[in-house]
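Please read the structure below before turning to the comments.
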Amino acid sequence: MTIPFIPCQGAPVTVPSLASSLSDCVSAAAARLGMADLAPQIRRSEHADFQSDGVLAAARARRRNPREIAAEVVARLSADGRVAAAQVAGPGFVNLDLTDGALLAQLTDRLTDPRLGVGTPEAGVTTVVDYSQPNIAKEMHVGHLRSTIIGDALVRVLEHLGGTVVRRNHIGDWGTQFGMLIQHQVEHPEPTAPQDAGTMRRLATLYRRARADFDADPAFADRARRRVVALQAGDPATVAAWRDIVAESTRYFTEVYDRLGVRLTDADSVGESAYNTALPGLADELERRRVAVTSDGALCVFFDDLRGPDGEPTPLIVRKSDGGFGYAATDLAALRQRVGELHADRLLYVVDARQARHFRMVFDTARRAGWLPPTVPAVHVAFGTVLGPDGRPFKTRAGDTVRLVDLLTEAVDRARDVVAAKNPELAGEALDERARQVGTGAVKYADLANNRVRDYTYDPQRMLALTGNTGVYLQYAHARVRSILARAEGVEATVDPTVGLEPAERALILDLDAFADTLAEVAAGYEPHRLCGYLYRLAQTFTTFYERCPVLRTTGTRRGNRLALCRLTGDTLRTGLHLLGIDAPEQL
RNA sequence: GCGCCCGUAGCUCAGCGGAUAGAGCAGGGGACUUCUAAUCCCAAGGCCGCAGGUUCGAAUCCUGCCGGGCGCGCCA
């Protein structure tokens, strides 16, 4: 068989993993024993290729000796030729070894499928993912970085699994702060800083000065409040000024997304202001359905188990006592629209963990109002705070939040130094591009690699050390594979299923085979760090293979098999990195 | 006060019902005429916060403590 040239016919092929095939085998054997309820629980093992742990639980339910049952299961495993050995071990594990031929066949199957055998379990499912959520006229900071990167990775994985994904960037483009911004701009028309697209300097300066005047000058604060009224009333000049500010910010956000390699565009931005006209009706409906009640002049939704320090119930405030609407109202309006008009089957909100209570209240309210059917899950995909090296929330020395662009610039600059040192012939634009790929990859990987709900310690030293468990390690492993494949040009990567495998080759195939299952886990728990862990393990397994199994210096069918291994490793690493939003250059 | 999250190697973190708890970094010892050494190999490093409970089996599930973070009416 010749590997990369077999055309794909019809629907994408799904290659069941060896683990799931074994699970079916054990289930079938158990069924023959009249134990259809036995859950095989196949997992990798140090003592064999795989182990099945399900017999122990089944034995408990029957009050029988687990080793006896395990022996019966082993005796009834159908001999499909793929299982080389099945043995009872320990208290009642079933150890399973596969033949080299079975592993090589699996390698072939994944390699001949352009999707590497990954199925499309998300087909027909529409997910709305809400992420990034920057605020107009404000800098993006590290908190936005987390939301943006995690959200982008989840979007990519869900789409890769065949799902329909609607990205929603719920931008903060409405609120009382626009009164002071516009009013300040009107009173000080001279530009405070150049309005170049690459920076937020003008708006940031405007924001700072407007805020200072607002706090220090009651007369200005009063004019700013009147400006808010004018904005809400639709005064043309004020609305035009607002639009300009929004547009200036949006250009900046788009530039940041481009630098990050995040696929968020203008079309994905639906700001809070988009729901303005829906809010009064929404409030009325909540009131009519008796979901919300008036308390101290505000329209509130209460919850039995949510109380404040004084023991009084804590409300979700849908409409403030002054008649205005806050973000609870816009979140509800957005949710209703996503289910009702976008027909979402699932809602994800990639937002800071501190908002947990807010989302509980919003989801609960929406359920009560009938806007969120029981069949549609709404999930707060929470993430922890970004901490500095001191264990406190990450701030600059001056105590300001760290600008996202500064962080990226630092990462890319340091990556450029390292790339240039290792690869002196690289220069100019090529070097800049490589530095961007490595630097942003390092930032993203460092963020995605740990469990998202934990607070996350941002440590540029570690992240940009470019060694160890980092994005660069994965990029490097990928580049080494590509290097071999490039040198092997003209040599066919053919799989000969009759050639015996060395331990490092077996380990590599077993790891490669777990890719699709890993993606399913990522999607099931919205946990990109599982993909990072998988890819890192794969890269380590590959480097062990790389050290022990010469590819190009081997000849004959063994070389073909190893080239096939390299190809599938390279494709898996590249695909996995892409799903994390990280580039996989051919060379470093 | 109540609620949510987190306590695993010196540091940063995986593992979340299965056999002897794993990585990376730091520190110790080795390996470059080599398909990219941005790498690999070896050794060392643990009352998995504490105490009970459930289970054939607990870092993992339950309860209670201790320690840390966050949240709790008109900001988002």
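Worth saying up front: this structure is predicted, and the values here are computed from it rather than measured. First the proteins, then the strands, lettered A, B, ... as listed; each starts at 1.
- One P atom belongs to B:U36, the other to B:G29, and the distance between them is 30 Å to the nearest Å.
- A gap of 7 Å separates the C1' atoms of B:A59 and B:U8, to the nearest Å.
- Within the 4.5 Å cutoff, no side-chain heavy atoms of A:Tyr456 are placed close to those of A:Phe394.
- Residue A:Ala298 is classed as a base contact, given a heavy-atom separation below 4.0 Å to a base.
- Atoms CZ (A:Arg548) and C1' (B:U39) sit 13 Å apart, rounded to a whole Å.
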**Asked** Reading RNA chain B 5' to 3', what string of ( ), [ ], | and . shows its pairs, if Watson-Crick and G-U wobble pairs count only when both distances fall under 3.5 Å?
**Response** (((((((..((((....[...))))..((((.......))))......(((((..]....))))))))))))....
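- Going from the C1' atom of B:C32 to that of B:G69 covers 47 Å, rounded to whole Å.
- Heavy-atom distances to RNA chain B give each of A:Asn95 and A:Ala539 a nearest nucleotide, and the one nearer the 5′ end belongs to A:Asn95.
- You won't find any donor-acceptor pair under 3.5 Å spanning the side chain of A:Glu272 and the base of B:A76, going by distance alone.
- Using a 4.0 Å heavy-atom distance criterion, A:Asp352 is classed as making no nucleic acid contact.
- For A:Ser295 and B:G73, a side-chain-to-base donor-acceptor distance below 3.5 Å is present, hydrogens and geometry of angles not being considered.
- B:C47 sits 24 Å from B:A43 when the C1' atoms are compared, rounded to a whole Å.
- No cation-pi contact links A:Arg168 to A:Tyr131, judged by a cut-off of 6.0 Å to the six-membered ring centre and 45° from its axis.
- For the pair A:Asn451 CG and B:G24 P, the computed distance is 20 Å after rounding to whole Å.
- Residues A:Asp331 and A:His358 have side chains that bring a donor and an acceptor to within less than 3.5 angstrom of each other.
- The glycosidic torsion of B:G29 lies more than 90° away from 0, which places this base in the anti conformation.
- Between the side chains of A:Ser483 and A:Gln587, not a single donor N or O lies within less than 3.5 Å of an accepting N or O.
- Classification of A:Arg44 and A:Asp511 as a salt-bridged pair holds, one side-chain N sitting under 4.0 Å from a carboxylate O.
- Spacing between B:C16 and B:A21 at atom C1', rounded to whole Å, works out to 12 Å.
- A:Gln51 comes within 4.0 angstrom of a nucleotide base, judged by non-hydrogen atoms across all strands.
- Residue contacts shown for A:Ala449 are absent, as no nucleic acid heavy atom lies under 4.0 Å away.
- Looking at heavy-atom distances under 4.0 Å, A:Ser483 makes contact with a base.
- Within the 4.0 angstrom heavy-atom criterion, no nucleotide atom of any strand lies near A:Pro66.
- B:U20 and B:G67 have their C1' atoms separated by 31 Å, given to the nearest Å.
- Two rings, from A:Phe545 and A:Phe542, have their centers less than 6.0 Å apart.
- Residue contacts shown for A:Ala353 are absent, as no nucleic acid heavy atom lies under 4.0 Å away.
- Rounding to whole angstrom units, CZ of residue A:Arg43 and P of B:U60 are separated by 16 Å.
- Using a 4.0 Å heavy-atom cutoff across all strands shown, A:Gly326 reaches sugar-phosphate atoms only and no base atom.
- Between B:G45 and B:A9, the distance separating the two C1' atoms is 6 Å to the nearest Å.
- B:C4 and B:U12 have their P atoms separated by 26 Å, given to the nearest Å.
- Taking the charged nitrogens against the carboxylate oxygens, A:Arg62 and A:Glu68 have no contact shorter than 4.0 Å, which rules out a salt bridge.
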